[in-house]
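Within every chain, numbering begins at 1; the chains are lettered A, B, ... in the order of the sequence lines, protein sequences first and strands thereafter.
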Amino acid sequence: MRSTAALKQQSGKRRIKYTTLLLFVLVIMVIIMTPEITPQDANKLIIGNRLLGPSSEHLLGTDHLGRDLLSRMIAGVRTTVGTSLLILSISMVIGVTLGLLTGFLGGLYDRMFKRIVDAFMTLPDYIFAIVLSGLLGPGFLNLLFAVIAVKWVGYARLVRSTVLQEKEKDYIKLAELAGVPALRIVKKHLLPRVMGNVFVLAALDLGKIILIIASLSYLGLGPQPPTAEWGSMLNEGRVYFNTAPHLMLAPGIAIMITVLIANICGDRLRDKLDVRMKKGA
Amino acid sequence: MTHNTIVHVMNLHKCYSTEQPVLHHISFDLKKGECLGIVGESGSGKSTLARCLLSLIEWQQGQIYFEGLGLKNLAPKQLRKVRARMGAVFQNASTALNPSVRIIDSLMEPLDEHKGYTPSFLAQDSWLGRIGIAEKLLALVGLPEKYLFKYPHELSGGEKQRVTIARAISTEPAFIVLDEPTASLDVTTQAIILNLLKDLKESLSLSYLFISHDLAAVHFMSDRIIVMKNGHIVDQFGVEQIFSDERHSYTKQLLQVFAG
């Protein structure tokens, strides 16, 4: 019979799991419905309202230009988390495609690809993204390009190594023997085998990407004003930290909670897929 | 090479790198309806030979003729046609089936690639659909139809091996490579699988290349035996001559080891 402490621990874990999932769904809903749920225009300047504290009209107060902070926070979800999801998706598509093809084809393509990936891997994520963004200049598209350039490599490397293991297995040889064309082998046999690992990596990566974007925006290398973005909002609020700390606290806490949600979801997904892999392998 | 020869291997030479060759100028014939056993210790080149015969790997010198057609540098389209006449059963049934694909899809993969083809041993049931054909194939290897929609991890090792055998005979091949098909199974299941393979060989007039390091299994299955060591054929003989005094010293050594 289980002890009360164990039951309590299990119920606590379940509560965290469902709360995290609920929050993740909430974040996605906010991204989708941003214009509908923003209480006021996120970019509307009312100089007379600058640096107001929380009130019934402005639940989180206003910033140094009199803009409603809650509206900017909601608009920032789409910019920060939405951009992160976009970067994640593009990095996944590039990494998975290149990893699958080079791993399966092998030979010269694979050797060349391995060298390129190794070269990318020697560069630390943050520093490379900052250097690239700095070279390209500030702006949304440049930020997108810089982070994708850093992130696709991890997926390509993971997929390539999985494909190299899988393609030596007998079921691939038997498919070849059965006359299944190479592309269909990749699509039918290899792609489903690599996607479990890719999703886990993606879920764990989401938090890191949010942090990179927020960091680059904080440095002024991300989307430019008046676009609401949590990193740039942190930077804008820095000057007023002593008089209006809510300007830094709101985006700071939002970044922290979102990264936490992404990491917990990633951990859960990894645990779940690991069990399935063990069963299926 | 006579008209009765299905596989003719001539002077086959294979190296994986510039180092020691894995196969040294191997030559032999396999006749229609015959089971040719290949024995040898690990690393003797048995599995490499099997993969060359199936054209899954390339080789440096020599030629392999399958039903009179040379396999070296064959155009992909022709190779595909030739491969439809070949089958294979490998040692580890667990890696021979994709763990994320249901049994029916693994089983029917070769036939799905040759759309419209129904094996002649099922041709009398011309109305059979995909599921019907899959059920009949499973029945041939003694498995119930309920296995069709299961995943490989829900089957035992012996059952998985039966599925790979059913898959191998699905396109009605003339020749099947059996690369240690019973090595990962327990003794009882080994006997069941060997009997099944022997029955299928008789009923479907198949030719086998049976690779094993288990001399008893090779003796039970084969009409002729080739003994390999370090990539060379050191001995070949009819199965009835296995205990003859003329045997190569290495064959005698293997027999002694096996006799315990």
Side-chain angles (χ1 to χ4, degrees), chain A residues 96 99-101 103-111 114 158-159 161-201 269-281, chain B residues 47 50-51 53-58 76-102 105-115 117 150-154 160-161 163-165 167-168 170-171 173 175-177 179-181 184:
Chain A
V96 170
L100 273 174
L101 290 178
F104 187 69
L105 292 174
L108 183 66
Y109 297 109
D110 186 47
R111 283 197 297 275
K114 192 174 177 293
L158 173 75
V159 170
S161 64
T162 315
V163 169
L164 287 179
Q165 278 173 21
E166 288 295 316
K167 78 171 189 178
E168 291 309 316
K169 291 196 176 157
D170 289 338
Y171 71 86
I172 299 290
K173 302 282 172 207
L174 287 173
E176 228 177 286
L177 195 63
V180 184
L183 265 179
R184 207 175 311 150
I185 291 180
V186 170
K187 201 175 121 195
K188 185 180 165 188
H189 290 295
L190 295 173
L191 188 62
R193 295 294 290 163
V194 301
M195 283 322 280
N197 292 342
V198 168
F199 282 133
V200 172
L201 180 65
L269 192 65
R270 185 188 53 202
D271 295 346
K272 224 172 172 68
L273 287 177
D274 270 355
V275 173
R276 203 178 297 164
M277 290 290 181
K278 272 177 217 157
K279 262 189 180 175
Chain B
S47 293
R51 276 164 165 70
L53 289 177
L54 295 167
S55 263
L56 288 173
I57 52 173
E58 292 181 350
K77 215 172 182 178
Q78 271 184 304
L79 187 62
R80 196 164 173 259
K81 273 187 187 169
V82 170
R83 277 174 169 171
R85 304 270 300 142
M86 295 176 172
V89 178
F90 294 126
Q91 177 180 350
N92 192 346
S94 297
T95 58
L97 299 170
N98 185 339
S100 29
V101 172
R102 287 180 198 274
D105 296 318
S106 288
L107 183 61
M108 294 299 288
E109 191 173 47
L111 282 177
D112 288 342
E113 283 309 311
H114 300 90
K115 284 189 173 61
Y117 179 80
K150 291 190 173 193
Y151 284 97
H153 70 267
E154 296 174 272
K160 277 185 247 186
Q161 199 59 296
V163 173
T164 62
I165 292 169
R167 182 191 153 111
S170 64
T171 52
F175 163 62
I176 297 183
V177 170
D179 189 358
E180 308 207 32
S184 58

Spacing of [X] atom [atom1] and [Y] atom [atom2] [to the nearest 0.5 Å]:
X      : Y      : atom1 : atom2 : value
A:L177 : B:L79  : CG    : CG    : 9.0 Å
B:E109 : A:K188 : CD    : NZ    : 3.5 Å
A:L174 : B:T164 : CG    : OG1   : 7.5 Å

Taking all atoms of both residues into account, what is the closest heavy-atom pair of [X] and [Y], and its distance?
X      : Y      : answer
B:N98  : A:H189 : ND2-ND1, 2.8 Å
B:E113 : A:P181 : OE1-CD, 3.6 Å
B:P110 : A:A178 : CA-CB, 3.8 Å
B:P99  : A:Y171 : CD-CE2, 4.2 Å

B:R83, B:R167, B:Q91, B:E154: which one forms the most heavy-atom pairs within less than 4.5 Å of chain A?
->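 Option with the top pair count is B:R83.
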
In this structure, are over 12 heavy atoms from other groups packed under 6.0 Å from B:K150 atom NZ?
->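 Result for NZ/B:K150: enclosed.
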
Between A:E176, A:E166, A:K169, which shows the greatest number of heavy-atom pairs under 4.5 Å with chain B?
->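 Among the listed options, the one with the most contacts to chain B is A:E176.
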
Check each atom of B:L54 against the heavy atoms of chain A and say whether the ones under 4.5 Å are side chain, backbone, both or neither.
->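 Contact with chain A: backbone and side chain both.
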
